[in-house]
Amino acid sequence: MIDFEFEFQYAETKLPILRQVGGGIPAGRCVVLCGGSGCGKSTLLRCINELIPQFYEGELKGFCRLNGQDTAGLRIGEIGELAASVFQDPRSQFFTVNSSNEVAFGLENHGLPQDKIRRRVDEAFRIFHLERLKDRNVYELSSGERQLISILSAWAMDTDIFLLDEPTANLDFAATQQLKEILLALKRQGKTLLLSEHRLYYLTDIADEYWAMADGEIKGKYTAAEAKAFSVERRQTLSLRTLDLAEITVPEKEPLPKTAPTAHAVSDVRYTYGRKAGDTLSGVSFSIREHEIVGLVGANGCGKTTIGKLIAGLYRPSGGRIMLFGKPQNPKQLQKQVLFILQEAEFQFFTNSVLHELQYGHAVTPEFEAKTEALLKSMDMWDCRDRHPFSLSGGQMQRLALMMAYLSDKPIVILDEPTAGQDAESLERCAALIREMRKEKTVLIITHDLELALKTADKIVVFYAGTAVEEADTVDFNREAALRHPYTRALFRAMPEHGFAPEPGIQPYVRDLPEGCPYGPRCPKYKTECSKEVSYVPYQGGLVRCICPGDENEILPGILSGPAGLKGQMTSEQITSEQMASGQRSGEYNAWGKEGVSL
């Protein structure tokens, strides 16, 4: 149970961010805070978990009771025993470098016995099929994988109340589905859930109420049925994104001239992080035409950000070529022509105000001042022009970074998750600005946001297991029949608007694949060159499936066959015995593990 009423003003601001915000959430209920970026959702969660006023300074009035206990005077650690929190930026709540130690950290601080801690940590990774993230360096994980670790850390605490701030901001579709299953399990256990969220589609089976916030106030409280019945116009008024991805359509875009030259091309690019065994990227090849907008999609950790940093000259490839406008480039040459906007926008801010950030590095002429003013107003940031960038909300920081990219003189811009933390209206503003960029720049968008990709991109490049497996026009990406690669077709079927029927086990890392295999681990019925033994890990009864090109829908013993559904559920032991009976080695069938299809 949560009861609260707050007023709050940050020390560095002139106006309160929360104005008499109050409410009560009964035990076992799920409430979603929604509304525009900067309306006070994250601040409200900080007040409830006592980060305000114990960490963030300002003037706070009001009260909060968690399970009937007044939180006034309690230490942060004591609050943590009542409510577990998941922050929008998982790095801000990490205390260790090792992922397993991070999940154990809160339990250790509460003095649990070591054997119980080990069981709880193992259970967290096992139940949610995330064993691949055990004992990993959290700073070598992708942002989405870090978010999953922070969610597991909260789950391991086993509190009665869970507070989650934009938990899907960095997650692909499969990871979002995993989060949905976690939340459903918590709700069945009678836990109380309070989420701040812009992506609403995955919450339709979980949320009991949606509280719409604006200008530091709760403007309305709506039941799940009422929210589902909202018209498009009503959602736009409340700055809510769609609750049903089936409503997303591909808008018509002005086609590029057929003679448009190639602005950028990568050919057989490889990359390995440090001393890791195997390549993180292998054989990456694709091209982008001048003034084209390309969306780069794929699972958390499949190499999207890595290839972006290679193209920008921030990393040096282990092999292959990167060319701009037909000429091979070294990293220093790339840095002069390519701008990379980090997902963590705050790492690229250097001044003490929003306006100065946009002016930084430019000659501030009257014409530039007028252009900057018009830009700030178009992005609903004019009133924030004198604020320090670090005082902005996460969504506002992203919009500031996007405006910096728009004003850049570099001809190629790479945007890494530019719409994390954006409400419906802000998403439209960002999409419009990216389309405007197309007039003068070539744009590569790394994203899990299907709405953004379909609204802006001319072409979609699909990444899988550290390589680009398909390029498709945006219109074709929304039509399964036009897709060629088995993984891309699986992506299509896994999208929520197509029933979210993920086919389990696509491996996001090239180092997990058989040597030389761009599709695997795959069934080598006709492909005997695979040299790596594939271990069998039970998934829903030990289902496995072959995705070799041309026979991906063929029914084999124990194979999950395409969109038709389950065709023979067998345990891993049964599969092995079937293979042995037919004289086949263990490892000859494609063992699709536990990850699920991701976008």
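- Contact detail for H198 and R241: the closest heavy-atom pair is O-CB, 3.5 Å.
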side-chain hydrogen bond (donor to acceptor under 3.5 Å, both in side chains) evaluation trace for Y406 with E440: CA-CA 9 Å; Y406 176 77; E440 298 181 357; over 6 Å; no

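- Distance alone, capped at 3.5 Å, places no donor-acceptor pair between the E471 side chain and the V461 backbone.
- Counting all heavy atoms, side chain and backbone alike, K441 lies closest to V413 at CD-CG2, 3.5 Å.
- Between L183 and L195, the closest side-chain pair of non-hydrogen atoms falls below 4.5 Å.
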Trace of the side chain to side chain contact (heavy atoms under 4.5 Å, CB included) decision for I412 with L444: CA-CA 8 Å; I412 297 177; L444 176 64; over 6 Å; no

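- Side-chain atoms of S353 and D386 include no donor-acceptor pair closer than 3.5 Å.
- Using modelled atom types, no side-chain atom of E5 and backbone atom of V21 make a donor-acceptor pair closer than 3.5 Å.
- A salt bridge is absent between R289 and D458; no separation between the charged side-chain nitrogens and carboxylate oxygens falls under 4.0 Å.
- Under the 4.5 Å side-chain criterion, counting only non-hydrogen atoms from C-beta, Y201 is in contact with T176.
- The number of heavy atoms from other shown groups lying within 6.0 Å of CD (Q54) is above 12.
- The side-chain heavy atoms of L296 and I445, taken from C-beta on, include no pair separated by under 4.5 Å.
- Put simply, the side chain of R399 never gets that close to the backbone of M381: no donor and acceptor are under 3.5 Å apart.
- Put simply, SG on C47 and CG on L163 are 11.5 Å apart, with the number rounded to the nearest 0.5 Å.
- Relative ring orientation between H264 and F286 is described as perpendicular, the plane-to-plane angle rising above 60° on a 0-90° scale split at 30° and 60°.
- Enclosure of atom CG in D215 is not indicated, since only 12 or fewer non-hydrogen atoms of other residues, nucleotides or ligands lie within 6.0 angstrom.
- The shortest distance between side-chain heavy atoms of C34 and L238 does not fall below 4.5 Å.
- A salt bridge links E373 with K377: the closest approach of a Lys/Arg side-chain nitrogen to an acidic carboxylate oxygen falls below 4.0 angstrom.
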Show which side-chain atoms of residues 389-398 pair as donor or acceptor with protein atoms under 3.5 Å away, not counting sequence neighbours.
unit_1 : atom_1 : unit_2 : atom_2 : d
S391   : OG     : R387   : NE     : 3.2
S391   : OG     : H388   : O      : 2.7
S393   : OG     : Q396   : N      : 3.2
S393   : OG     : Q396   : OE1    : 3.3
Q396   : OE1    : S393   : N      : 2.9
Q398   : NE2    : Q343   : O      : 3.0

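- The neighbour count for E78 CD, taken as heavy atoms of other residues, nucleotides or ligands under 6.0 Å away, is above 12.
- Inter-residue side-chain proximity for D449 and L427 is flagged as met; some heavy-atom pair is nearer than 4.5 Å.
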F325/Q337 under side chain to side chain contact (heavy atoms under 4.5 Å, CB included): CA gap, chis, key distance, verdict: CA-CA 11 Å; F325 305 104; Q337 301 179 78; 4.2 Å; yes

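- Taking all atoms of both residues into account, the shortest heavy-atom contact from S318 to T272 is OG-N, 3.3 Å.
- Summarising the geometry of W211 relative to G23, their closest heavy-atom pair is CH2-CA, 4.0 Å, with the distance given to 0.1 Å.
- Surrounding CD of E57 are at most 12 heavy atoms belonging to other residues, nucleotides or ligands under 6.0 Å away.
- Here the shortest heavy-atom pairing between I52 and T43 reads CD1-CG2, 3.7 Å.
- The closest donor-acceptor contact from the side chain of R136 to the backbone of L133 lies at 3.5 Å or more, if one exists at all.
- For CZ of F63, the number of neighbouring non-hydrogen atoms (other residues, nucleotides, ligands) closer than 6.0 Å is greater than 12.
- Y222 and Y210 have their aromatic ring centers separated by at least 6.0 angstrom.
- When atom types are taken as modelled, the side chain of Q93 and the backbone of S85 share a donor-acceptor pair closer than 3.5 angstrom.
- Under the 4.0 Å criterion applied to side-chain N and carboxylate O atoms, K455 and E451 are not assigned as salt-bridge partners.
- In this structure, the side chain of N101 does not engage the main chain of V97 through any donor-acceptor pair within 3.5 Å.
- With hydrogens and angles left out, the side-chain atoms of K304 and H448 include a donor and acceptor closer than 3.5 Å.
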Test side-chain hydrogen bond (donor to acceptor under 3.5 Å, both in side chains) applied to E357 and T351, step by step: CA-CA 6 Å; E357 202 64 49; T351 71; 2.9 Å; yes

Derivation of the salt bridge (Lys or Arg N to Asp or Glu O under 4.0 Å) call for R429 and E425: CA-CA 6 Å; R429 295 178 189 272; E425 183 178 358; 2.5 Å; yes

Working for side-chain hydrogen bond (donor to acceptor under 3.5 Å, both in side chains), residues S150 and Q147: CA-CA 5 Å; S150 67; Q147 189 71 284; 2.9 Å; yes

E197/T168 under side-chain hydrogen bond (donor to acceptor under 3.5 Å, both in side chains): CA gap, chis, key distance, verdict: CA-CA 8 Å; E197 187 60 281; T168 64; 2.9 Å; yes

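- The shortest side-chain heavy-atom distance between L452 and I434 falls under the 4.5 Å cut-off.
- Between E7 and R19, no side-chain nitrogen of the basic residue sits less than 4.0 Å from a carboxylate oxygen of the acidic one, so the salt-bridge criterion is not met.
- The cationic atom of R46 (NZ for Lys, CZ for Arg) lies less than 6.0 Å from the six-membered ring centre of Y56 and within 45° of the ring axis.
- One N or O on the side chain of Q329 and one on the backbone of K327 form a donor-acceptor pair closer than 3.5 Å.
- When the shell of 6.0 Å around OH of Y139 is examined, it contains more than 12 heavy atoms from other residues, nucleotides or ligands.
- Side-chain contact between L240 and D423 is absent, with no heavy-atom pair separated by less than 4.5 Å.
- Of all non-hydrogen atoms in P167 and S196, the two that sit nearest each other are CD-O, 3.7 Å.
- Applying the side chain to side chain donor-acceptor pair (under 3.5 Å) rule to E254 yields no partners; only residues at least two apart in sequence or on another chain are considered.
- Two residues are said to be in side-chain contact when any heavy atoms from C-beta on lie closer than 4.5 Å; M404 and L358 meet this criterion.
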